[in-house]
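Every chain is numbered from 1, with letters handed out A, B, ... down the list of sequences. Note that the structure is a prediction, hence the values are computed from the model and not measured. Both backbone and side-chain heavy atoms feed into the values below; hydrogens, waters and symmetry mates do not.
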Protein chains: 4
Amino acid sequence: MTRRTKRDVVQEFRKSEILSAARTVFSRKGFHDATIDDIAASAGLAKGTVYLYFKSKQEIYLAALRDGIEALLRKMRADAEGPGTARDKLRRLIETKMAFFDENVDFFQIIQSELGRLDTTMNECRDLYFDQTRIIEDVLKAGIKEGAVRKLNTAKAAFAVADLTKGIVIQRTMGWSKTRLKGEVDFIFNLLWKGIST
Amino acid sequence: MTRRTKRDVVQEFRKSEILSAARTVFSRKGFHDATIDDIAASAGLAKGTVYLYFKSKQEIYLAALRDGIEALLRKMRADAEGPGTARDKLRRLIETKMAFFDENVDFFQIIQSELGRLDTTMNECRDLYFDQTRIIEDVLKAGIKEGAVRKLNTAKAAFAVADLTKGIVIQRTMGWSKTRLKGEVDFIFNLLWKGIST
Amino acid sequence: MTRRTKRDVVQEFRKSEILSAARTVFSRKGFHDATIDDIAASAGLAKGTVYLYFKSKQEIYLAALRDGIEALLRKMRADAEGPGTARDKLRRLIETKMAFFDENVDFFQIIQSELGRLDTTMNECRDLYFDQTRIIEDVLKAGIKEGAVRKLNTAKAAFAVADLTKGIVIQRTMGWSKTRLKGEVDFIFNLLWKGIST
Amino acid sequence: MTRRTKRDVVQEFRKSEILSAARTVFSRKGFHDATIDDIAASAGLAKGTVYLYFKSKQEIYLAALRDGIEALLRKMRADAEGPGTARDKLRRLIETKMAFFDENVDFFQIIQSELGRLDTTMNECRDLYFDQTRIIEDVLKAGIKEGAVRKLNTAKAAFAVADLTKGIVIQRTMGWSKTRLKGEVDFIFNLLWKGIST
DNA sequence: AATGAATGAGAATTCATTCAT
DNA sequence: TATGAATGAATTCTCATTCAT
């Protein structure tokens with residue numbers, strides 16, 4: 001078993017500090033307009049220091065993305081594996097995703113602005129993105145077994161769920177919609193459930 | 001009435017040629033990685049010439065966006081004002097948008113990658129984006145009057161329609177879904193209509 | 001036949017201007033301490049302009065080297081193919097080489113300082129270096145046929161000629177020896193000829 | 001008489017360890033591409049520790065050079081002061097120098113690549129370099145007294161000896177000549193002796 | 001003494017923009 | 001109008017050196 005030395009802990013801490021700063025800067029300026037200097041300053045460090053923890057701007061970017069996506073996936077998996085009917089789970093998934101982005105607006109902006117240009121280095125992120133729809137799909141399949149969901153193309157339906165949720169997130173992120181989260185979830189879930197239930 | 005001189009016509013023509021080239025290049029490389037040289041070469045012009053028609057790279061970019069959005073809006077308005085029930089119109093709107101992006105993949109990529117970071121200069125584009133949902137909303141309102149659509153928050157529902165459509169477009173743009181367009185439209189419209197009809 | 005347009009001529013001219021400046025700077029500071037800014041300034045250009053003519057610092061460096069070596073080789077070949085006995089030719093080769101470096105001190109410094117680290121990109125330069133000794137060797141072989149030169153390992157002897165000449169060049173380059181060129185040539189040729197003649 | 005405290009001894013030892021590591025690294029990468037980290041790692045120390053023993057990278061470099069040159073000079077002086085005729089001594093000097101560099105290839109590479117650019121800080125190294133030719137010159141003068149060497153400019157001749165030897169060393173260092181050391185010495189000494197003997 | 005984290009000056013390279021032809 | 005050579009600001013990344021522990 002590898003014991004984490006004090007140094008490891010500090011390293012880890014610095015890294016997460018930098019990533020946090022990076023997330024803020026990237027979300028505000030996008031990948032290209034964000035400079036390492038921006039990130040360093042935002043983290044209260046000198047430029048060179050950032051390079052002690054990350055090999056390149058790309059690496060910081062990817063790490064920031066990966067971190068966020070993984071955190072979201074963890075939460076969604078917990079929802080899907082939790083108790084309740086498929087209906088309950090579906091609702092919870094939507095809630096979770098929205099709440100997550102409500103609290104991580106900057107992270108969402110990053111995802112949003114770069115999904116369009118997933119070059120090779122970004123592939124792992126795309127995979128993680130797909131994982132998300134797969135979680136939803138599994139819940140839908142369970143719903144069909146339960147008889148609560150009508151027989152439909154679960155893959156397509158899963159995307160629909162993800163897209164609708166994302167749409168709301170965009171509106172909230174952009175500040176176009178300020179209503180309570182619960183109202184949004186109600187509306188969208190209602191629409192969806194009518195659309196997919198038996 | 002201002003008569004368009006021959007010069008104006010030529011100007012207009014050159015501009016649209018450059019924009020067309022720009023759209024291709026921007027969609028392939030994104031705003032930052034696209035160089036003026038790329039665009040000029042793609043338009044068969046010298047770098048300096050581009051600056052005779054546009055003040056800056058930004059301006060080209062915005063013009064390219066505006067152009068595309070306006071073309072889409074024109075088509076969607078035509079749909080909304082055409083004949084048929086709200087149901088027919090809604091279906092047609094979805095079809096139109098998907099077909100449009102199917103034929104203008106590059107343009108979609110541009111929108112997609114930059115909508116997340118609408119700084120002040122981009123505001124006019126956001127407005128155009130909103131227009132789109134307003135068109136949908138009007139159709140939904142008509143549907144309610146017809147009694148075909150249940151009473152619901154039409155603004156939110158309009159966004160839902162737009163988001164679902166966009167989701168499909170993304171999948172197609174990324175090459176994740178290769179099926180015939182009609183199948184996609186059927187699926188999504190079906191889901192939606194079940195969700196919003198009385 | 002490719003006709004050189006005026007543009008080609010200008011291009012060629014600029015390139016040679018930059019190379020000339022580069023040679024001066026490189027010889028004074030060495031590859032690493034020379035900055036592109038130095039070279040540009042020395043050529044009376046802006047930094048960016050240099051990059052219109054050369055892809056990288058490396059490329060400038062290699063071009064400067066190649067240029068010089070080729071010029072020297074051309075002169076030496078002319079000597080070797082000129083009239084006279086092997087003895088005459090050998091003397092002339094030495095004279096030529098020394099005179100060449102007397103006039104191209106900076107170039108010599110470059111060669112001198114980098115022969116030690118011929119990485120892959122430098123290989124062509126090494127080849128050119130070898131060509132030089134081969135020219136000498138051919139003259140020596142002719143000398144043996146004439147009966148003027150004793151039978152010896154011509155390859156090794158050629159290197160000896162080259163090394164002795166280079167040694168003198170170093171002394172002159174460093175300013176350690178200020179005497180007339182002719183005296184140096186006399187001394188060294190005398191020594192050599194005694195060493196290799198029958 | 002200053003007594004060397006134990007501390008002094010340790011200091012001296014560490015310094016020489018670092019210099020040894022430095023020599024290896026410098027010869028492999030050259031002055032600029034060698035990093036203090038490289039040297040420290042190669043010496044099994046932390047970067048900061050190196051600075052306890054040397055003020056700067058420059059200083060390490062110079063010390064490494066000086067060390068090597070002094071070692072060579074010591075050996076050559078021993079040769080010159082040893083028994084035998086001038087002829088014997090001259091041969092031995094050549095042998096010694098070649099053997100020394102055969103065993104210290106890395107050190108030779110350093111000298112080779114930097115002698116071309118002796119700026120002020122390097123001056124002391126140049127002096128050491130000159131000492132070498134002076135040793136040879138003294139032997140030549142003795143040879144003249146013995147009547148074995150013809151009357152000639154001993155300074156120039158000494159440089160010739162040094163240059164020829166260096167030439168061979170280069171070829172061996174570069175791996176262009178793999179034959180036994182003795183053969184090389186024979187050839188060059190033979191040539192030289194014919195050139196300078198009465 | 002020893003460490004290695006932090007610093008920031010410095011260098012290569014790119015490219016939007018200008019301007020003389 | 002059209003051109004494309006010239007410019008130089010801006011950016012990423014490296015590494016010698018310092019300094020708190």
Side-chain angles (χ1 to χ4, degrees), chain A residues 6-7 10-11 13-14 31-41 43-60, chain B residues 7 10-11 14 31-41 43-61, chain C residues 6-7 10-11 13-14 18 31-41 43-61, chain D residues 7 10-11 14 31-41 43-61:
Chain A
K6 202 205 303 180
R7 231 199 75 203
V10 174
Q11 279 262 345
F13 177 67
R14 270 274 186 278
F31 180 77
H32 267 101
D33 288 335
T35 70
I36 295 287
D37 246 340
D38 288 337
I39 295 171
L45 296 169
K47 204 177 0 174
T49 310
V50 171
Y51 282 92
L52 294 180
Y53 297 91
F54 294 93
K55 271 207 305 293
S56 69
K57 192 176 162 183
Q58 268 270 343
E59 198 184 282
I60 300 175
Chain B
R7 232 197 70 190
V10 174
Q11 276 262 347
R14 272 269 188 280
F31 180 75
H32 268 98
D33 289 336
T35 70
I36 295 287
D37 247 337
D38 287 337
I39 294 170
L45 296 169
K47 201 170 16 172
T49 311
V50 171
Y51 279 88
L52 295 179
Y53 297 92
F54 294 93
K55 268 209 310 290
S56 71
K57 192 178 167 185
Q58 269 271 341
E59 198 185 282
I60 301 175
Y61 190 74
Chain C
K6 203 205 304 183
R7 230 198 76 203
V10 173
Q11 279 262 344
F13 178 67
R14 271 273 186 280
I18 293 172
F31 180 77
H32 267 99
D33 287 335
T35 70
I36 295 287
D37 244 340
D38 287 337
I39 295 171
L45 297 170
K47 207 177 354 174
T49 311
V50 171
Y51 281 92
L52 295 180
Y53 297 91
F54 295 94
K55 272 206 306 289
S56 70
K57 192 176 163 185
Q58 269 270 342
E59 197 185 281
I60 301 176
Y61 191 73
Chain D
R7 230 197 71 191
V10 173
Q11 275 263 347
R14 272 271 189 278
F31 179 75
H32 268 96
D33 290 335
T35 69
I36 295 287
D37 247 337
D38 287 336
I39 295 170
L45 296 169
K47 201 168 18 172
T49 312
V50 171
Y51 279 88
L52 295 179
Y53 296 92
F54 293 94
K55 269 208 309 289
S56 71
K57 193 178 166 182
Q58 268 272 339
E59 198 184 282
I60 300 175
Y61 190 73

Checklist entry - Taking all atoms of both residues into account, what is the closest heavy-atom pair of D:Phe31 and D:Lys57, and its distance? => result O-NZ, 2.9 Å
Checklist entry - When the nearest nucleotide of DNA chain F is assigned to D:Ala34 and to B:Val10 on a heavy-atom basis, which residue is associated with the more 5' position? => result B:Val10
Item to check | Heavy-atom contact window of chain D on DNA chain E, given 5' to 3' at under 4.0 Å | outcome: E:dA1 to E:dA6
Checklist outcome for this item: Sequence neighbours excluded, the answer for side-chain contact (heavy atoms from CB on, under 4.5 Å) partners of C:Ala40 is C:Val50
Checklist entry - Which residues satisfy the side-chain contact (heavy atoms from CB on, under 4.5 Å) test with A:Ala34, sequence neighbours excluded? => result A:Val25, A:Phe26, A:Lys29
Item to check | Rounded interatomic separation in angstrom, taking CD1 from A:Ile39 and P from F:dT12 | outcome: 8 Å
Checklist outcome for this item: Between OH of B:Tyr51 and C1' of F:dT1 the distance, given in whole Å, is 18 Å
Next on the checklist: Assuming nearest nucleotide by heavy-atom distance, tell me which of A:Val50 and B:Ser56 is located more 5' along DNA chain E.
Outcome noted: A:Val50
Checklist entry - At under 4.0 Å between heavy atoms, what does B:Lys47 touch on the DNA or RNA strands: base, sugar-phosphate, or nothing? => result base
Item to check | Closest-nucleotide ordering on DNA chain F, the 5'-leading residue of D:Gly48 and B:Gly48 | outcome: B:Gly48
Next on the checklist: Between P on F:dT14 and CG on D:Asp37, what's the gap in Å once rounded to a whole number?
Outcome noted: 13 Å
Item to check | Value in whole Å for how far the P atom of F:dA10 lies from CD1 of C:Ile36 | outcome: 20 Å
Checklist entry - Distance from B:Tyr53 atom OH to B:Leu45 atom CG, nearest 0.5 Å? => result 7.5 Å
Checklist entry - Under 4.0 angstrom, heavy atoms only, what part of the nucleic acid is D:Ala40 near: base, sugar-phosphate, or nothing? => result nothing
Checklist entry - Given side chains that start at C-beta, do those of C:Asp33 and C:Asp38 come closer than 4.5 Å, heavy atoms only? => result no
Checklist entry - Hey, does A:Phe54 reach any base, or is it just sugar-phosphate, or nothing, if we go heavy atoms under 4.0 Å? => result nothing
Next on the checklist: Please classify the nucleic acid contact of C:Thr35 as base, sugar-phosphate, or nothing, using heavy-atom distances under 4.0 Å.
Outcome noted: sugar-phosphate
Checklist outcome for this item: Taking F:dT3, F:dT12, F:dT7 as options, the one with an atom nearest any side-chain atom of C:Ala46 is F:dT7
Item to check | Atom-pair distance (CG on C:Leu45; C1' on F:dG4), nearest Å | outcome: 16 Å
Next on the checklist: So B:Glu59, base contact, sugar-phosphate only, or nothing? Heavy-atom distance under 4.0 Å.
Outcome noted: nothing
Next on the checklist: Evaluate C:Leu52 against C:Arg14 for side-chain contact (heavy atoms from CB on, under 4.5 Å), listing each step before the verdict.
Outcome noted: CA-CA 10 Å; C:Leu52 295 180; C:Arg14 271 273 186 280; over 6 Å; no
Item to check | salt bridge (charged side-chain N to carboxylate O under 4.0 Å, His left out) pairs, two or more places apart, involving residues 43-53 of chain C | outcome: C:Asp37-C:Lys47
Item to check | Counterpart residues, side-chain hydrogen bond (donor to acceptor under 3.5 Å, both in side chains), relative to B:Glu59 (two or more places apart) | outcome: B:Lys55
Item to check | Duplex segments of DNA chain F, taken as runs of at least three Watson-Crick or G-U pairs that stay under 3.5 Å | outcome: E:2-21 with F:2-21
Checklist outcome for this item: Taken to the nearest whole Å, CZ/D:Phe31 to C1'/F:dA16 is 10 Å
Checklist entry - Taking it one step at a time, do A:Ile60 and A:Ile36 satisfy side-chain contact (heavy atoms from CB on, under 4.5 Å)? => result CA-CA 10 Å; A:Ile60 300 175; A:Ile36 295 287; 4.0 Å; yes
Checklist entry - In whole Å, what is the span from the CG atom of C:Leu52 to the C1' atom of F:dT3? => result 14 Å
Next on the checklist: Tell me the interatomic distance from A:Asp33, atom CG, to F:dT12, atom P, rounded to whole angstroms.
Outcome noted: 10 Å
